[in-house]
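Here's the structure we're looking at; comments come further down.
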Amino acid sequence: MPELPEVETVRRGLEAAVAGRTVSGVEVLHPRPVRRHLAGPDDFAAALSGRTFAVPARRGKYLWLPLTDGDAVLAHLGMSGQFRVEDADHPDAPNTRVRFRFRDGGPELRFVDQRMFGGLSLSPGGAELPDEVAHIGRDPFDPAFDQRAVARAVRRRRTGLKRALLDQTLVSGIGNIYADEALWRARLHYARATDTLPQSAAERVLVEARAVMADALLQGGTSFDALYVNVNGESGYFDRTLDVYGRADEPCPRCGRPIRREAFMNRSSYRCPFCQRTPRAGHVRW
DNA sequence: ACCATGACCTGCCCGC
DNA sequence: TGCGGGCAGGTCATGG
């Protein structure tokens, strides 16, 4: 379950379920999710036996399970990845790809992924911050997140505002849903040119992105269906609280005019045509 | 260097 | 009922 609040919900579930537990065996049921482990599925499985998980960590949408010896299992959920914690006699969910068993004989950890854009790999020395994560920016929940500096970096770009919000190297954790929600809260159009955007507006949309993701986290994240669930298989409830995403033709909660769905960047964008008017020429970048 | 686009996958839903 | 197209919240490699 893709964006920051959903990934953080999973991280918390993993903290409760696997921290301090020692792996007894790993079973790779489909090679694709471990494709980034270049030594191959068998090596991945063998390398993890006997190792102990520490407290799971996250930056943006990347998640990693540090091992007590300083390495880490890096995970990305992609579009449809899930972690599930289930007793061994509990049947596998469809699309179960990797299974971790533990020495204590307690519940298994299963990686489930329908579309397999996500994956797992072993990151040597990655307990603190895996190399594979170093290229992305800090997310808005990071204590070292520098809102003013990120806003300046956004304004140095020559692109549309939503493209910048989705660029994980500038600020991580924001995806299609929360970008639209943040833009609506900040009353900005997705194609607003970043290079003519005032600093105050750039900071405002970052503040709103953080705020909407914090609200979502309180409700266990957003999910529209069974594809996005926490480690117990339960869905979050934030979809009921979304203001614009997925609400084409419904009234804007602020002004009552119908929300519009538009294609942008080969995906859907939702906006209020009144609260988030198309910028005048010279202030738009499609 | 930046920026935009397509590729990578499976499965569901809709209209014909 | 069956089939094709469109759609889905992710990133990454590759062009310009």
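Values in this document were obtained by computation on a predicted structure and should not be read as measured data. Chain letters run A, B, ... following the sequence lines, proteins first, then strands; residues in each count from 1.
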Query raised in the report: Quick one: CG on Leu197(A) to CZ on Arg285(A), what's the gap to the nearest 0.5 Å?
Result: 12.0 Å
Requested in this report: Using modelled atom types only, decide if a donor and an acceptor are shared between the side chain of Glu15(A) and the backbone of Val55(A) within a distance under 3.5 Å.
Outcome: no
Report summary line: Of Asn95(A), Val73(A), Thr96(A), Leu120(A), the one forming a side-chain contact (heavy atoms from CB on, under 4.5 Å) with Phe111(A) is Leu120(A)
Each nucleotide N or O in nucleotides 13-16 of chain C that has a protein N or O under 3.5 Å away: list the pair and distance.
none

Requested in this report: Can you label the angle between the Tyr190(A) ring and the Phe264(A) ring as parallel, tilted or perpendicular, going by 30° and 60°?
Outcome: tilted
Query raised in the report: Does Arg204(A) come within less than 4.0 Å of Glu208(A), counting only side-chain N to carboxylate O?
Result: no
Query raised in the report: Met265(A) has an atom CE; how far is it from atom C1' of dT11(C), in whole Å?
Result: 12 Å
Requested in this report: Determine the Euclidean distance between corresponding P atoms of dA1(B) and dT11(C); express it in Å to zero decimal places.
Outcome: 22 Å
Query raised in the report: Does any N or O in the side chain of Arg271(A) come within less than 3.5 Å of the main-chain N or O of Gln276(A), such that one atom is a donor and the other an acceptor?
Result: yes
**Report entry** N/O (side chain, Ser268(A)) to phosphate O (OP1/OP2, dA8(C)) under 4.0 Å
**Finding:** yes
Report task. Tell me which nucleotide among dT10(B), dG10(C), dG9(C) gets nearest to the side chain of Thr222(A). Result -> dG9(C)
Report task. Mind calculating the distance between CH2 (Trp286(A)) and P (dT5(B)) to the nearest angstrom? Result -> 13 Å
Query raised in the report: Going by 5.5 Å between centroids and 30° between planes, is there a stack of Phe117(A) over dC8(B)?
Result: yes
Query raised in the report: To the nearest Å, how far apart are Arg115(A) CZ and dG9(C) C1'?
Result: 9 Å
Query raised in the report: For dT11(C), does either OP1 or OP2 sit under 4.0 Å from a side-chain N or O belonging to Gln168(A)?
Result: yes
Query raised in the report: CG of Asp104(A) to CZ of Arg21(A): how many Å apart, nearest 0.5 Å?
Result: 4.0 Å
Query - Earlier contact from the 5' end, DNA chain B, for Asn266(A) and Arg158(A) - result: Arg158(A)
**Report entry** Check ion pair Asp92(A)-Arg99(A) (N to O, under 4.0 angstrom)
**Finding:** yes
Query - Integer-rounded Å distance: dT11(C) P and Leu120(A) CG - result: 16 Å
Query raised in the report: Nearest-Å distance, NZ (Lys162(A)) to P (dT5(B))?
Result: 14 Å
Query raised in the report: OP1, OP2 of dA8(C) versus side-chain N and O of Arg267(A): anything below 4.0 Å?
Result: no
Query raised in the report: For Asp113(A) and dT11(C), what is the distance between atoms CG and C1' respectively, to the nearest whole Å?
Result: 13 Å
Query raised in the report: Judged by atom type as modelled, is there a donor-acceptor pair below 3.5 Å linking the side chain of Arg254(A) to the main-chain atoms of Arg187(A)?
Result: no
Query raised in the report: Lys61(A) has a side chain; which of dA8(C), dG11(B), dT11(C) sits nearest to it?
Result: dT11(C)
Query raised in the report: Can a salt bridge be assigned to the pair Arg157(A) and Asp195(A) using a cut-off of 4.0 Å between side-chain N and carboxylate O?
Result: no
Query raised in the report: Between Thr159(A) and dC2(B), is there a side-chain N or O to OP1/OP2 distance below 4.0 Å?
Result: no
Query raised in the report: Reckon Arg157(A) has a side-chain N or O less than 4.0 Å from the OP1 or OP2 of dC3(B)?
Result: yes
Query raised in the report: Contact class for Tyr62(A) (heavy atom, under 4.0 Å): base, sugar-phosphate, or nothing?
Result: sugar-phosphate
Report summary line: From CE of Met79(A) across to P of dC12(C) the rounded distance in Å is 14 Å
Query raised in the report: What distance, rounded to whole Å, do you find between the two P atoms, one in dG9(C) and one in dC3(B)?
Result: 23 Å
Requested in this report: Kindly express the pairing pattern of DNA chain B in dot-bracket notation, using | wherever a base pairs with another strand and counting only Watson-Crick or G-U pairs under 3.5 Å.
Outcome: .|||||||.|||||||
Query raised in the report: Which of the following nucleotides, dA4(B), dG10(C), dC7(C), is nearest to the side chain of Arg163(A)?
Result: dA4(B)
Query raised in the report: Is there a donor-acceptor pair under 3.5 Å between the side chain of Arg103(A) and the backbone N or O of Thr22(A)?
Result: no
**Report entry** Enclosure of Arg148(A) CZ (heavy-atom neighbours >12, cutoff 6.0 Å)
**Finding:** no
Query raised in the report: Considering only the P atoms, how many Å lie between dT14(C) and dC9(B), rounded to the nearest integer?
Result: 15 Å
**Report entry** Audit row: Ser268(A), Arg261(A), side-chain hydrogen bond (donor to acceptor under 3.5 Å, both in side chains) steps and yes/no
**Finding:** CA-CA 6 Å; Ser268(A) 295; Arg261(A) 173 184 176 275; 2.9 Å; yes
Report task. Name the nucleic acid region contacted by Arg36(A), choosing base, sugar-phosphate or nothing; use a 4.0 angstrom heavy-atom cut-off, strictly under. Result -> sugar-phosphate
Query - Proximal nucleotide (of dC9(B), dG11(B), dA8(C)) relative to the Arg32(A) side chain - result: dC9(B)
Requested in this report: Give His135(A) one of three labels, base, sugar-phosphate or nothing, depending on what nucleic acid heavy atoms sit under 4.0 Å from its own.
Outcome: sugar-phosphate
Query raised in the report: Is Trp184(A) linked to Val205(A) within one hydrophobic cluster, defined over Ile, Leu, Val, Met, Phe, Trp and Tyr using a side-chain heavy-atom separation of less than 4.5 Å?
Result: yes
Query raised in the report: Asp167(A) CG to dA4(B) C1': how many Å, rounded?
Result: 12 Å
Query raised in the report: Where along residues 174-199 of chain A does a heavy atom fall under 4.0 Å from DNA chain C?
Result: Gly175(A), Asn176(A), Ile177(A)
